[in-house]
Number of protein chains: 2
Amino acid sequence: MAAALNAVQLIEKHRPTLDQALDTIRSRAYWSPYPEHPKAYGAEHGSLSAADGQAAFDALRGRRFELDQPGEDGWTGGETSPYGIKLGIEYPHTDPDVLLPAMREAMPAWRATGPETRAAVCLEILARINARTHEFAHAVMHTSGQAFMMALQAGGPHAQDRGLEAVAYAYVEQARTPDSAHWTKPQGKRDPLQLDKRFTPVPRGISLLIGCNTFPTWNGYPGLFASLATGNPVLVKPHPRAVLPLALTVRIAREVLAETGFDPNLVSLAAERDGEGIAKTLAVRPEIRIIDYTGGTAFGDWLEANARQAQVFTEKAGVNTVIIDSTDDYQGMLANLAFSLSLYSGQMCTTPQNLLIPRDGIATDAGDKSYDEVVSDLATAVDKLLGDDARANALLGAIVNPQVKERLEAAPALGETALASRTIRHPDFPEATVRTPVIVKLDRAKPDAEESYLSECFGPVSFAVAMDSTEDAVALLCRTIREKGAMTVGAYTTDPNAERLIEDACLQECAQLSLNLTGGVYVNQTAAFSDFHGSGGNPAANAALCDGAFVTPRFRTVEVRRPA
Amino acid sequence: MAAALNAVQLIEKHRPTLDQALDTIRSRAYWSPYPEHPKAYGAEHGSLSAADGQAAFDALRGRRFELDQPGEDGWTGGETSPYGIKLGIEYPHTDPDVLLPAMREAMPAWRATGPETRAAVCLEILARINARTHEFAHAVMHTSGQAFMMALQAGGPHAQDRGLEAVAYAYVEQARTPDSAHWTKPQGKRDPLQLDKRFTPVPRGISLLIGCNTFPTWNGYPGLFASLATGNPVLVKPHPRAVLPLALTVRIAREVLAETGFDPNLVSLAAERDGEGIAKTLAVRPEIRIIDYTGGTAFGDWLEANARQAQVFTEKAGVNTVIIDSTDDYQGMLANLAFSLSLYSGQMCTTPQNLLIPRDGIATDAGDKSYDEVVSDLATAVDKLLGDDARANALLGAIVNPQVKERLEAAPALGETALASRTIRHPDFPEATVRTPVIVKLDRAKPDAEESYLSECFGPVSFAVAMDSTEDAVALLCRTIREKGAMTVGAYTTDPNAERLIEDACLQECAQLSLNLTGGVYVNQTAAFSDFHGSGGNPAANAALCDGAFVTPRFRTVEVRRPA
């Protein structure tokens, strides 16, 4: 294949970005090459402006999404935006018996090109995705229900960051062994033994990405780029309600691969017909050697148990806890929690669910506050935050599916409602389901409460649980993490003893802890290159984004040695 | 606990060795801190001399091996040396319901001390083991049946090298994330967001080492030290016929842990009663989160399928191939192969089994050689190598168990015998079973041959298989690796095309290749810090010694972040 872009140029273009990413995963400082401000994009920056992005998105609607993959045998698709509009996009359906062999055929050349070129190709893919951030923003918004700004940032630059982070980890793990080595072993008076050795990272096989509905790009890019950068072809199986963001990703990846002289089938799409359940059949095919999955616990557990031929990376569900022991910034705490509970209507795997508050109340800079006061002040803070409909819409986004709405509506029956959910009208999308969060009071002492606070209630529902003490809260935290898993833990305390107890609990149960967040950083947000997303060490996920364990099992190193 | 050795001193003592190990796993050059010459040990070097080692071993025999572990409920043991002597050593049997909780209690302090101190403690353990290399030599010899010099080197310094290599990998993977970071995210004209972050590597849980009969230390140390260095307690379950080398290891580890102020239960022994099958019950206990296993395929597959709560690292069985296409050093090739087939009576997972030779013969520097000539010249080379009984005993060691002897005796029925096995008398151990290897001719064209060359025949049996061509040999190589796995592949060729075919096959099927070895390096030997043992990418093993994938899943990183 003639390459329009050669590897040397590509490496030259992207090596500084890769090097900065490599530095940053070591320093864990703040950094991102992908701007998060919408105005940073436009023709003058070589990227789509807001208007161009809107136009590009509009041009996709009501059409077939061409990919030109081997084995195409029809068209499928039926995404409806949580904002109420039909996307009307059809994607090619593909016969895996044709597509998978074609993907395997693409492997030797991709393996042979080596880690640095693979990283550069991945960074070119990410750069082209970045240039179309405004287009992705609409695609993510109208599949996930995220509000536009969040869809732009979390679905755009933040997802791209996570992809780049995975490329950096993949590169450093492959490059830690040199391409070649000379080995000389002294033999006393005899000549030394001498060998020349060559080391090649080799891929495991085809990688299957099973995408999710709420964060198709943010949760999808780490696995996609970790696998691709380590030499594996990637078959992308999007959530049927969130195909477009990943289909766009696949198309861009295929373009870059073709332009750089590689086989575009290295990144392919597996769109499914209604009710086809293709993930389950693909996951156990012998060609599939790696699986990345984000979604519900039941299917994640099924994959871990049944896709035995593959290395399976899962992010499933958990129950996230915030312990409220004491604070020296009561208003800051309330505002921070109110935001965390409201953002994207609590439809994040990182949103707090259980707020554990001593029934005897807490000490604060505004005086002692009873359990009831804390809960009602938090309810007031949420109300205040969402008092303006425009701001409420910008924060809440839309309810992603009917199940979330059902849980929200069922929540008041679980206990005393501290904050009732309100319906918000969206000025542009009257059919969107926009709801403010509900807070329900539960009492640890009442046996029937346990069923509620020890189940995941995904969506804008949180429980303010009255606890006997902070020690009691830590005990429940441990049990919750051990039995249900947790993507995040939050805590507020001014007491060094309580702080130590909570930290020890998180180290013991392996959960990521945010302490005393009162400003503009929220427990449900993590920053690539610095924060780990999940730990991989509790039932919520068997992998973390991103660490060495997320990339090392994706490849092996083959050595060829010969006399020097 | 009062520590006789403090962490600072220990780090000061061992940091240079750790640094050199870290450098060497990057350069893959030759290096070892542990001398392999027996005369390098003695009182003047702070270690046991040959005589001291013999005396120390003799003093262990016929006694109880005290360990002082919690939950001891009796004594067990019945090792008989393959050289015919009874060891008469009894080991404490322990109740896992007492021992496992005690091991878990040891975790928080071991986690809290951090990667550098853990590495230093591991290096101190290795240094003390190294000082007792001569004692270990006898322990390994009289459990594995290895000849003394091999037991000393492979069971001593080479095993210690592999342990240190694992510590180095574990350290670098844990230390890649800093202990702490300051994170500042600009916010335009507003104050930046600022967080302080702490990162702690946390262990998965108790690690179970299931040892093997033939290389108890060499195959045991990587998993033991990788787990211990990443913060996990290690429960050592030796093969019932090779307890002593690992029991000694456990005792030394416990001494060092106690002297450095840690809980000795971090390394504990699980000796089993006759027929108890304790590995199977321990492997599925919820406390066991990591398993390292070396042994037969059936139990390895069982572990991978059933020990779902654990991360399972296996080295199982494979069928190793050498392709003989052509050579420019015929005598060197024959001598090298003869040694490889003879060393430790072929009882290495890395010993070649199938020698694939074109039926039309090969080109060599000594003229063209027919298939029959190659085979008979190889038989002669083996005969010559083992012609002297003293040298034969020093190379062959003893047959480790009756099953190997049965396979050896059954081999002549599989085809035409090109080299018959001879019985060698051992001057010091008349009851030792010492046998020279057998070579059997098979023909790829005969359908009944396949059952032989596609089964592992562990022990001193190899098959000289007549092939249609080198291309045919490469095809069989691929099939053999894919279906049966391979720890090693060897090849001899002077033809660049054949070489490329063979290299591509090994990259494709993920197997380690040694080309044209004619001197003092053998296909069945790998050097720590430079060579990978196994690839982890074919059915012979799901792990390689040692790479990033061998250590990264043994720990997770927990982050605690708070406003700066």
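Quick note on labels: first sequence line is chain A, next is B, and so on, each numbered from 1. Everything numeric here is computed off the predicted structure, so don't read it as measured data.
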### Task
Any chance you could lay out the salt bridge (charged side-chain N to carboxylate O under 4.0 Å, His left out) test for B:Arg556 and A:Asp547, step after step, and finish with the verdict?
CA-CA 8 Å; B:Arg556 298 293 171 183; A:Asp547 63 8; 3.7 Å; yes
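- For chain B, the option among A:Ala491, A:Gly188, A:Gly548, A:Pro203 with the highest count of heavy-atom pairs below 4.5 Å is A:Gly548.
- Both the backbone and the side chain of A:Lys185 come within less than 4.5 Å of a heavy atom of chain B.
- Only the backbone of A:Ala511 comes within contact range of chain B, judged by heavy atoms closer than 4.5 Å.
- Here the CG-CG distance, from B:Leu517 to A:Leu195, works out to 6.5 Å after rounding to the nearest 0.5 Å.
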### Task
May I have the step-by-step check of side-chain contact (heavy atoms from CB on, under 4.5 Å) for A:Trp183 and B:Arg28, ending in yes or no?
CA-CA 7 Å; A:Trp183 182 87; B:Arg28 315 302 291 185; over 6 Å; no
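- With A:Gln512 contributing its side chain and B:Glu559 its backbone, the two residues share a donor-acceptor pair below 3.5 Å.
- Taking A:Arg190, A:Gln525, A:Met107 one by one and counting their heavy-atom pairs under 4.5 Å with chain B, the maximum is reached by A:Gln525.
- Contacts between A:Thr184 and chain B at a heavy-atom distance below 4.5 Å involve the backbone alone (N, CA, C, O).
- Heavy atoms closer than 4.5 Å to chain B are found nowhere in A:Phe550, neither backbone nor side chain.
- A:Arg176 is listed as a side-chain neighbour of B:Tyr169, based on a closest heavy-atom distance under 4.5 Å.
- In terms of heavy-atom pairs under 4.5 Å with chain A, the best-connected choice from B:Gly205, B:Ala305, B:Pro108 is B:Ala305.
- Highest contact tally toward chain B, considering only A:Arg198, A:Arg289, A:Glu173, is held by A:Glu173 [criterion: heavy-atom pairs under 4.5 Å].
- In this structure, the portions of A:Pro178 lying under 4.5 Å from any heavy atom of chain B include both its backbone and its side chain.
- Contacts between A:Val551 and chain B at a heavy-atom distance below 4.5 Å are absent for every atom of the residue.
- Only the side chain of B:Glu36 has a heavy atom closer than 4.5 Å to any heavy atom of chain A.
- For A:Arg308, the part sitting under 4.5 Å from any heavy atom of chain B is the side chain, from C-beta outward, and nothing else.
- With a threshold of 4.5 angstrom between heavy atoms, A:Glu499 approaches chain B through side-chain atoms but not through N, CA, C or O.
- The two residues A:Ser27 and B:Ala181 come nearest to each other via the heavy atoms O-CB, 3.4 Å.
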Residues 500-508 of chain A side chain polar contacts: donor-acceptor under 3.5 Å, at least two apart:
{"residue": "A:Glu503", "atom": "OE2", "partner": "B:Arg562", "partner atom": "NH2", "Å": "2.8"}
{"residue": "A:Gln508", "atom": "OE1", "partner": "B:Arg111", "partner atom": "NH1", "Å": "3.4"}

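- Of the atoms belonging to A:Val560, heavy atoms from both backbone and side chain fall under 4.5 Å from chain B.
- When each of B:Leu513, B:Asn516, B:Val521 is paired with A:Arg561, the side chain to side chain contact (heavy atoms under 4.5 Å, CB included) condition holds for B:Val521 and for no other.
- Heavy-atom pairs under 4.5 Å with chain B were tallied for A:Ile25, A:Thr200, A:Thr177; the largest tally goes to A:Thr177.
- Residues of residues 526-534 of chain B placed with any heavy atom under 4.5 Å of a heavy atom in chain A are listed by number as B:Thr526, B:Ala527, B:Ser530, B:Asp531, B:Phe532.
- The most heavy-atom pairs under 4.5 Å with chain B, out of A:Ala112, A:Pro563, A:Gly537, come from A:Pro563.
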#### Entry: Criterion side-chain contact (heavy atoms from CB on, under 4.5 Å) on B:Ser535 and A:Thr557, from CA distance to verdict
CA-CA 7 Å; B:Ser535 75; A:Thr557 305; over 6 Å; no
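- Taking chain A as the reference chain and counting heavy-atom pairs below 4.5 Å, the highest number among B:Pro192, B:Cys510, B:Ser180 is found for B:Cys510.
- Between chain B and the options A:Arg554, A:Gln187, A:Arg204, A:Lys197, the largest number of non-hydrogen pairs under 4.5 Å is found for A:Lys197.
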